[in-house]
Amino acid sequence: MTGMDRERGIGRFLPLRPVEFHILLSLAAGERHGYGIIQDAEARGEASVPDLGTLYRALRRMEDQGLIGAAARREAPDAGDERRNYYEIRPLGLRVARGEARRLAALTRAARLGGLLEEGSP
Amino acid sequence: MNEERWLRASDRWLGLLLWFYPAHFREEMGEPLVEAYRDRFRAAIRRGGAFTLMMVWVRAFGDSLRNGLGERARPAIRWRRMGNWGRDPELVVRRLRRAPMFVVAMIGTLGVGLGAFGVVYAAVHKVLLEPLPYERPGDLHYVWRNYTWFDLDRGWIAGTDIAALNEAGGPIEAVVGLQRNFATLTSSGSAAAEPEEVAVMISSAGLFDLLGVRPVLGRTFAPGEEGPDREPLMVLGHEVWRSRFGADPQVVGSEVRLNDQPYTVIGVMGPDFRFVRHSSLGRPQGADVYTTVTVNLAETDPGSGSYAGLLRARPGSSPEAVAAAVAAVGARVDERDFDGRGVELYRVGAMEDLVAPVRPALLVLSLAGIFLVLVLAVNLATLLLVRATQREREFAIQRALGADRGAIVRATLLEGLVLGLLGGVAGTLVALWGTRALVALAPPDLPRREAIAVDASVALVVIGVGALLGLLAAALPAIYATGSNLGALLKNAAVRGGGGHGRLRRSLVVVQVALSLVLLTAGGLVVRSFAGLLQAQPGFDAAGVLTFRVPVPQSIYPEDGAVLAVHERVHAELAAIPGVHAVGAVSALPMSASMSQAPVRFPGAPGNTGDDSLDSPLIDWAVMRPGAFEALGMRLLAGRAFEPAPPQGVQEVVIDDLLASTFFGAGDPIGATALIVGEEWTVIGVVRHARQYDLHQDGRPQVYVRHEDVTFGALSYAIRTSRSPMSLVSEARTAVWRVDPRLAVSNVRTLEDLVGESLSQQRLSATLIGAFSLGALLLATMGLFGVVAGTVDRRRQELAVRLALGADHPQVIRLVLREGLLLVLLGVLVGVPGIYLSGRALAGVLVGISPFDPQTLLAVAAGLTLVAAVACYLPARRVASIEPARLLRQE
């Protein structure tokens with residue numbers, strides 16, 4: 001699995017930090033601004049929603065790495081939106097997110113086989 | 001409080017928190033971050049009012065603190081923000097590959113310059129700075145005697161002094177006595193070979209323990225293995241073990257003969273053990289084999305100083321404490337053995353004692369090295385600046401396109417760094433080769449000469465200096481580069497190359513000329529001082545003389561009469577060799593610093609003053625066989641030399657012109673009586689003083705006596721020949737062995753080589769400093785050439801206008817030339833204080849010439865100006881190629 005990921009040039013991004021995974025997860029569903037990503041995470045019922053500083057540092061880093069980019073078009077502009085940055089996921093980001101999901105799935109499977117997780121539990 | 005006011009307060013709080021983040025982050029992400037926080041604050045107020053908002057504030061504080069500081073601590077990201085840092089090296093390499101000539105010039109210059117620096121650094125580091133290769137080398141001291149009532153302030157100490165020092169305790173842990181002699185080594189069995197004269201270190205048994213060194217084979221002397229009635233033991237040096245015994249480990253336990261006495265070999269020292277015994281007057285000397293003293297030191301004659309004393313101080317005792325302890329022992333010795341006449345004992349650190357004679361020369365060399373590096377730095381800066389000028393447009397366009405100032409500075413610095421590193425590597429290679437040449441050229445008695453080599457630490461320093469030079473040199477153009485601005489550049493389009501850097505570059509040339517002037521002056525002085533030495537009149541004629549030692553061991557010929565007879569026969573055999581004009585034998589050759597010392601008196605001589613210290617000076621004396629003055633080319637000034645047949649009932653002495661003029665003035669010393677060591681001698685002749693120590697100045701006064709009166713076993717032969725001296729060697733050996741095959745023939749060399757060795761330190765300094773100063777001159781010339789060429793290029797338009805308005809070419813050339821020569825003049829003026837400073841450092845190495853010798857200073861200044869004028873004239877001639885009509889039409 002890792003070998004395959006490395007072949008596709010995404011191995012160096014893995015494993016992702018939680019905040020990075022949240023960002024990719026949210027943007028995979030569509031363009032978001034920063035606070036929107038936080039709201040998505042809260043909506044998913046995450047126990048540890050990232051701090052805003054952590055989020056924005058990650059956004060900048062991931063933009064540098066080419067995982068995400070500034071969105072050209074803004075959805076439903078409203079008064080406060082002029083100063084917001086909207087982000088969208090890039091193909092590389094999508095591949096990295098999928099790679100991370102596969103990695104997590106493999107780990108989860110292993111945890112089950114090892115008896116750390118009960119069958120059927122999340 | 002309503003929601004709006006809470007939000008305004010939140011904004012102010014956020015404004016404060018944002019300062020935790022670095023500026024670049026605030027600029028880029030500040031606004032969205034603030035917006036997001038506002039959303040969160042609004043949500044908090046709606047959800048839980050003021051208290052919840054406060055909680056969010058606290059959390060925001062923690063968040064900003066952590067992430068703001070975290071962002072600041074990530075320099076890699078900051079650099080990336082300033083430009084694409086990761087791509088810089090790649091860009092630099094690509095840029096440099098596009099200018100191969102520039103790179104070659106740069107690395108070549110740096111390589112040679114840093115190579116020279118590396119050689120000097122290696123020498124200074126290994127000789128002056130690196131500790132001696134013994135245990136706790138800082139605690140080793142030599143002890144000398146100062147006879148305060150006559151001119152011997154660095155005399156050997158007596159065996160009794162060593163015993164007294166060893167009893168003293170306190171900061172003195174142990175003292176060993178050291179003597180060095182020559183003896184003829186013969187061995188039986190498989191190692192039987194020609195008899196060979198070897199240098200023998202005769203020491204107290206504790207020498208090796210005191211130094212803290214171990215043998216590679218066998219053992220060294222155990223405590224108490226010294227003195228009379230002990231089995232004679234020997235430790236072999238590595239070189240003798242290798243060359244004479246074929247590195248045979250079986251040699252340990254075997255018997256060898258020294259002067260026909262049996263010794264048991266108990267150990268072999270390793271190749272790294274190179275011990276030298278310091279001398280009272282001559283140079284430090286090593287030995288081939290080691291034995292222990294055969295006397296009880298405490299029972300020797302206190303009046304005869306004949307040992308070097310090597311002292312080991314207790315750990316942690318200060319040099320002052322050791323000095324005090326040694327002086328206290330000295331006071332006791334003076335009371336006990338000299339009735340308080342004024343003998344003093346004093347200590348000198350072993351390292352200090354060893355390097356003292358070469359310290360001034362090495363310090364001057366290191367100064368020259370530093371100057372060379374400075375010249376190099378300026379040269380480098382000039383070259384980089386020229387490059388920066390050429391890339392000015394590129395910089396300006398980059399800036400106009402929004403490239404960060406930092407990115408341009410960084411690229412320029414990186415370019416300098418890369419070039420500096422490459423130059424450093426090239427310099428290391430040059431230094432590797434250069435140190436080998438230096439060791440070959442260095443005086444054989446240069447302390448620790450063998451240790452001079454480029455090792456990892458030296459290489460690291462050279463590469464480091466290269467990198468530093470590269471960075472420093474790049475700093476100027478980097479600062480300059482950030483100043484370029486497209487608008488100004490386009491406005492200045494007519495003036496090609498811009499004008500602002502011109503002043504900087506001209507200042508660099510001034511600095512370069514000044515530095516070169518200082519180096520050239522030093523070089524000129526050192527070379528002239530050396531040339532003076534070569535023409536010195538040392539009191540003997542070294543040309544066409546072969547010399548070697550023939551020791552006649554007492555063990556083989558115990559009777560004085562037999563020793564005399566052997567030398568008589570050797571002399572006759574040598575004289576019979578075809579092409580030999582004269583044969584002489586003396587106990588000490590000129591320039592060998594090996595004469596013996598004694599006080600002399602001339603009772604009733606007119607020069608006596610009544611002052612005992614003046615009337616009984618310490619003199620050098622040697623014994624000789626008839627014919628030696630002729631063989632050595634020493635000029636007899638009055639009276640006669642020794643006759644072949646010894647006179648009956650009278651001891652004859654020949655004195656030198658120094659004694660003759662001191663004691664007899666214009667009078668005639670022939671027939672006068674001299675008192676030497678309590679015996680009466682009759683003066684039969686006056687000979688020109690033949691220098692023993694320094695080629696450039698007379699030493700102690702000298703007297704010569706007949707071999708029949710003081711019989712030395714070992715004499716040095718001097719053969720004057722019309723043939724090439726070295727071609728006589730095998731015939732001379734055969735001649736000696738015809739007399740007795742057990743005799744060794746050692747120290748074979750020409751008298752000219754002997755003189756040359758004494759000059760090798762000066763030759764080395766002269767060669768290195770001469771090379772450095774010529775290098776500096778070359779660099780300065782290149783710099784000047786470049787500046788003037790640049791000026792002509794830049795002012796092409798203006799010059800064309802002048803030509804068009806009626807000025808002729810020579811006039812315009814003079815105009816350009818004047819600008820260049822002004823720089824030279826300024827450089828010379830700036831350099832003058834430097835000459836003064838360097839002169840003070842040079843004083844220690846110059847012989848027979850003042851550091852401010854006006855002739856040399858004027859010649860150097862004139863020479864430099866002349867060379868500089870040519871360097872200006874050549875590019876200035878390009879003016880001739882300007883065709884005003886065409887050039888102006890192009891505009």
Side-chain angles (χ1 to χ4, degrees), chain A residues 9 12-13 17-20 22-23 26-27 31-89, chain B residues 4 7 10-11 13-14 16-44 46-47 55-87:
Chain A
R12 68 191 162 104
F13 295 106
R17 298 176 192 206
V19 60
E20 291 165 342
H22 279 305
I23 291 170
S26 289
L27 297 186
E31 294 172 7
R32 294 277 190 285
H33 57 68
Y35 194 60
I37 295 169
I38 295 286
Q39 286 169 322
D40 279 356
E42 283 168 347
R44 278 193 294 272
E46 275 299 323
S48 60
V49 174
D51 270 332
L52 284 170
T54 313
L55 176 79
Y56 275 91
R57 281 179 71 201
L59 283 173
R60 197 169 113 178
R61 199 164 54 231
M62 292 164 76
E63 198 181 353
D64 279 350
Q65 289 169 339
L67 298 176
I68 60 173
R73 180 174 50 82
R74 283 171 188 175
E75 201 180 4
D78 61 43
D81 267 2
E82 274 147 38
R83 284 188 289 177
R84 290 177 198 272
N85 290 4
Y86 272 74
Y87 294 93
E88 64 182 15
I89 195 163
Chain B
E4 274 310 304
L7 280 179
S10 301
D11 275 358
W13 178 236
L14 266 181
L16 286 177
L17 293 184
L18 273 180
W19 286 102
F20 283 117
Y21 291 92
H24 59 88
F25 188 89
R26 281 204 304 273
E27 272 166 31
E28 196 175 325
M29 307 302 276
E31 290 195 358
L33 183 62
V34 166
E35 277 309 310
Y37 259 114
R38 283 200 181 130
D39 286 345
R40 169 157 281 179
F41 290 144
R42 277 196 203 99
R46 279 183 209 129
R47 212 166 53 236
M55 294 305 291
V56 176
W57 279 9
V58 171
R59 201 168 157 201
F61 175 77
D63 175 34
S64 306
L65 186 66
R66 189 159 42 83
N67 282 303
L69 296 186
E71 189 67 21
R72 281 179 191 274
R74 283 179 61 98
I77 287 194
R78 221 160 66 215
W79 281 340
R80 281 234 312 269
R81 282 288 133 186
M82 284 163 65
N84 204 336
W85 180 251
R87 280 186 64 222

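Below, chains carry the letters A, B, ... as their sequence lines are ordered, and counting in each starts from 1. Here the structure is a predicted model, which means the values were calculated and not measured.
Neither the backbone nor the side chain of Leu55(A) has a heavy atom closer than 4.5 Å to any heavy atom of chain B. With a 4.5 angstrom heavy-atom cutoff, Ala60(B) does not touch chain A via any of its atoms.
A heavy-atom distance below 4.5 Å is found between the side chains of His33(A) and Asp39(B). Looking at Glu71(B) and Arg60(A), their side chains come closer than 4.5 Å, going by heavy atoms from C-beta outward.
In this structure, Met29(B) and Tyr56(A) approach most closely via the heavy-atom pair CE-O, 3.5 Å.
Atom CG of Asp51(A) and atom CZ of Arg59(B) lie 4.5 Å apart (nearest 0.5 Å). To the nearest 0.5 Å, the span separating CG on Leu59(A) from CG on Leu33(B) amounts to 10.0 Å.
Applying the ring pair (Phe, Tyr, Trp, His ring centres under 6.0 Å) criterion to Tyr21(B), with sequence neighbours excluded, gives Phe25(B).
Side chain of Tyr35(A) to main chain of Tyr37(B): no donor-acceptor pair is present (N/O by atom type, distance under 3.5 Å, no hydrogens or angles). Remark: the backbone N or O of Gly53(A) is paired with a side-chain donor or acceptor of Asp63(B) at under 3.5 angstrom.
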Check against salt bridge (charged side-chain N to carboxylate O under 4.0 Å, His left out), Arg40(B) and Glu42(A): CA-CA 12 Å; Arg40(B) 169 157 281 179; Glu42(A) 283 168 347; 3.5 Å; yes
